[in-house]
Amino acid sequence: MADYFQILSAIALVFVAVYYYLTSSFDFWKSRGVPGPDPIPVFGTIKDVLLKRATLGVYLRQVYEKYKNEPLIGIFIRGNPNVIVRDMDLIKDVLIKDFSVFDDRGIVINEKVEPLSGNIFSLEAKRWRPLRTRLSPVFTSGKLKEMFHLIMECSEQLEKYLEKLEEKGEPVECREVAAKFTTDVIGSCAFGINMNALSDEESEFRQMGKVVFSTSLWAILKTTFRESLPKLYFFVMSLQPHPKLTSFFIQVVSDTIKYRQENNVIRPDFVNMLIELKNHPEKLQDIELTDNLMTAQAMVFFAAGFETSSTTICHTLYEMALNPQLQDKLRAEIKEFSTKNNGSFKYDDVKQMKYLDKVFKETLRKYPPGTLLERKCNREYTFSNTKVTIPKGTGIYVPVLGLHHNSSIYPNPEIFDPERFDDDAVATRHPMSYLPFGDGPRNCIGARFAVYQTKVGLIKTLENFKVDVCEKTMIPYESDPRSVVHGPKRGIYLKISKVTK
């Protein structure tokens, strides 16, 4: 009997120890006077996120809306305390004024196990800063102007592809069409390669793009393992060969650089900038620009560039189908510029299309591809005009989706209204109320490029084609709880028909 008692006591002791370990940090925010949802063991406060019932961005929006009058909201990612910054002045402090404290995204990387993880998005501040400085010239207005004809060439292929789809008379899944277009644009402008995503249903680049943003059960389990137990994950993965995706991009970038150097090929694109950095390593101070590090930069430009823009294109077309009067107004502007230039479009034309810009911005307000911004403080920090001090290493979240749907900032936020971005209306709002590309030194490096490829895709689609809802159109809209980028749950199916001259 005594033996049984000892065994039960030992088991109870283990349970108590485990419970204490899992909950030992749960008074972190209460002791600092910061409100927030109550955590539970294992999950913290993000149970629905971990069970894939909602994305983290959607969850942050829900918490943001619940605690309406709080500048800061405390949450727990499993057992780790993180803070949602709700007050827009404090958001400005984090992203801009006190950026030196929040210059890291806090993403765990291991380049030996995952060679492509060392990209400009994920890198720690020490390597991010010089890379950002040297890569930024690729995305200037001058460089983009040089690339513009390449974007237009891809848009001509998009128009031909849409003609074929229109002839079939079947509902068109617009997100996939847009993804093929942006894949071709990135291939041409970044790599100098014809990726053939529009013309070839079996395009390897398009298949690789699908792998990057896969929401399969295996991809979800792998991501959960990586986030929950990173040390064990990296150990296990170190025993495996690199996945096909990694090997594919390393080979593509290596072959492209080798060909250009051997044939003295110079293009105004991303790969050319990487070659310049490789030939002049002193520009990167103490950073060794290995082949893997170069490939990581090219890879993140490809992945981020095609998915965010294609999602924005499909969301815009969805709203145009739901709001035919807005679609007619936008098409009238497109036709006006097309007529003025005898059917062609120039770089400056896109910039001058005011209504297109309003539609584009309203799409990013309602459907921001990036629903949150993530930072980690690198030293102890006290938020302005508060008594809240957080220790080094605390995670920070800016709830972009919540801000964009705040009814006190954007009345009737679920209504699609491009006039929200009239110059006078914009001037009345806090600059931190609209963050589709982030803000501050670590904002989206490719924002200008994304704007132009998205707008050109919309111009070429809506100039000669009309989009309407059909029996397969998802109404009301539902977002995919598994998706990395804020996207539709079941695709965007629309009817496409030729516009009569």
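Just so it is clear, the structure is predicted and the values come from calculations on it, not from any experiment.
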| message | Using every non-hydrogen atom in the two residues, find where Ser188 and Cys154 come nearest and quote the distance to one decimal. | response | CB-SG, 4.2 Å

| Would you say the side chains of His486 and Asp480 form a donor-acceptor pair under 3.5 Å? | no

| said: Looking at Phe99, I'd like to know if the NZ or CZ of Arg442 sits under 6.0 Å from its six-membered ring centre while staying within 45 degrees of the ring's axis. | reply: no

| Glu362 side chain to Pro418 main-chain N or O, any donor-acceptor pair under 3.5 Å? | no

| Do the side chain of Glu173 and the main chain of Gly491 share a donor and acceptor less than 3.5 angstrom apart? | no

| said: Ring of Phe102, cation from Lys376 - is the NZ or CZ under 6.0 Å from the centre and inside 45° of the axis? | reply: no

| Do side-chain atoms of Asn323 reach the backbone of Leu326 as a donor and acceptor pair under 3.5 angstrom? | no

| request: Could you tell me whether Lys361 and Asp357 have a side-chain N and a carboxylate O separated by less than 4.0 Å? | output: yes

| query | Can a donor-acceptor pair be found between the side chains of Ser338 and Glu463 at a distance below 3.5 Å? | reply | yes

| query | Between Asp348 and Lys145, does at least one N-O distance fall below 4.0 Å, as a salt bridge requires? | reply | yes

| Does Arg420 count as lying over the ring of Tyr410, i.e. NZ or CZ under 6.0 Å from the six-ring centre, within 45 degrees of the axis? | no

| query | Does any N or O in the side chain of Tyr67 come within less than 3.5 Å of the main-chain N or O of Gly36, such that one atom is a donor and the other an acceptor? | reply | yes

| Check: Asp349 side chain, Phe345 main-chain N or O, donor-acceptor pair, under 3.5 Å | no

| Salt bridge present between Lys164 and Glu167 (N-O < 4.0 angstrom) | no

| What is the minimum heavy-atom distance between Cys189 and Met147, and which atoms define it? | CB-SD, 3.9 Å

| query | Can any side-chain N or O of Glu70 pair as donor or acceptor with the backbone N or O of Arg86 at less than 3.5 Å? | reply | no

| ring-ring contact (aromatic ring centres under 6.0 Å, His included) contacts touching residues 146-178 (sequence neighbours left out) | Phe148-Tyr347

| said: Any salt bridge linking Lys472 with Glu170? Criterion: basic side-chain nitrogen under 4.0 Å from a carboxylate oxygen. | reply: no

| field | Backbone of Glu307 reached by a side-chain donor or acceptor of Ser310 within 3.5 Å | value | yes

| said: Tell me if the centroids of the rings in Phe416 and Tyr318 come within less than 6.0 Å of each other. | reply: no

| message | We want to know whether Asp255 and Gln251 form a side-chain donor-acceptor pair, criterion being a heavy-atom distance below 3.5 angstrom. | response | yes

| remark: Looking only at heavy atoms, the pair that brings Thr454 and Ile313 closest together is CG2-CG1, 3.7 Å

| Which atom pair, heavy atoms only, marks the closest approach of Ser483 to Thr55? | O-CG2, 3.6 Å

| task | Could you tell me whether Glu333 and Lys354 have a side-chain N and a carboxylate O separated by less than 4.0 Å? | result | no

List the atom pairs, donor and acceptor, that lie under 3.5 Å between side-chain atoms in residues 367-375 and the rest of the protein, sequence neighbours left out.
{"unit_1": "Tyr367", "atom_1": "OH", "unit_2": "Glu319", "atom_2": "OE2", "d": "2.5"}

| query | In terms of side-chain geometry, is the basic nitrogen of Lys460 or Glu159 positioned less than 4.0 Å from the acidic oxygen of its partner? | reply | yes

| request: Please check if the distance between the ring centroids of Tyr434 and His404 is under 6.0 Å. | output: yes

| field | Donor-acceptor side-chain pairing of Thr312 and Thr363 below 3.5 angstrom | value | no

| said: Check for me whether Arg448 meets the cation-pi criterion with Phe139, that is, NZ or CZ under 6.0 Å from the six-membered ring centre and within 45 degrees of the ring axis. | reply: no

| request: Establish, for the pair Arg429 and Phe421, whether the NZ or CZ atom is under 6.0 angstrom from the six-membered ring centre and no further than 45 degrees off its axis. | output: yes

| said: Assess the residue pair Tyr64 and His405 against the criterion (side-chain hydrogen bond (donor to acceptor under 3.5 Å, both in side chains)); give the C-alpha distance rounded to whole Å, side-chain angles, the decisive distance to 0.1 Å, and a yes or no. | reply: CA-CA 10 Å; Tyr64 171 91; His405 287 258; over 6 Å; no

| note | Per side-chain contact (heavy atoms from CB on, under 4.5 Å), Ile459 is matched among Arg331, Met152, Met353 by Met353

| task | Could you tell me if the ring centre of Phe249 sits under 6.0 Å from that of Phe302? | result | yes

| query | With the threshold set at 4.0 Å, does a side-chain nitrogen-carboxylate oxygen contact exist between Glu176 and Arg206? | reply | yes

| message | Any salt bridge linking Lys68 with Glu65? Criterion: basic side-chain nitrogen under 4.0 Å from a carboxylate oxygen. | response | no

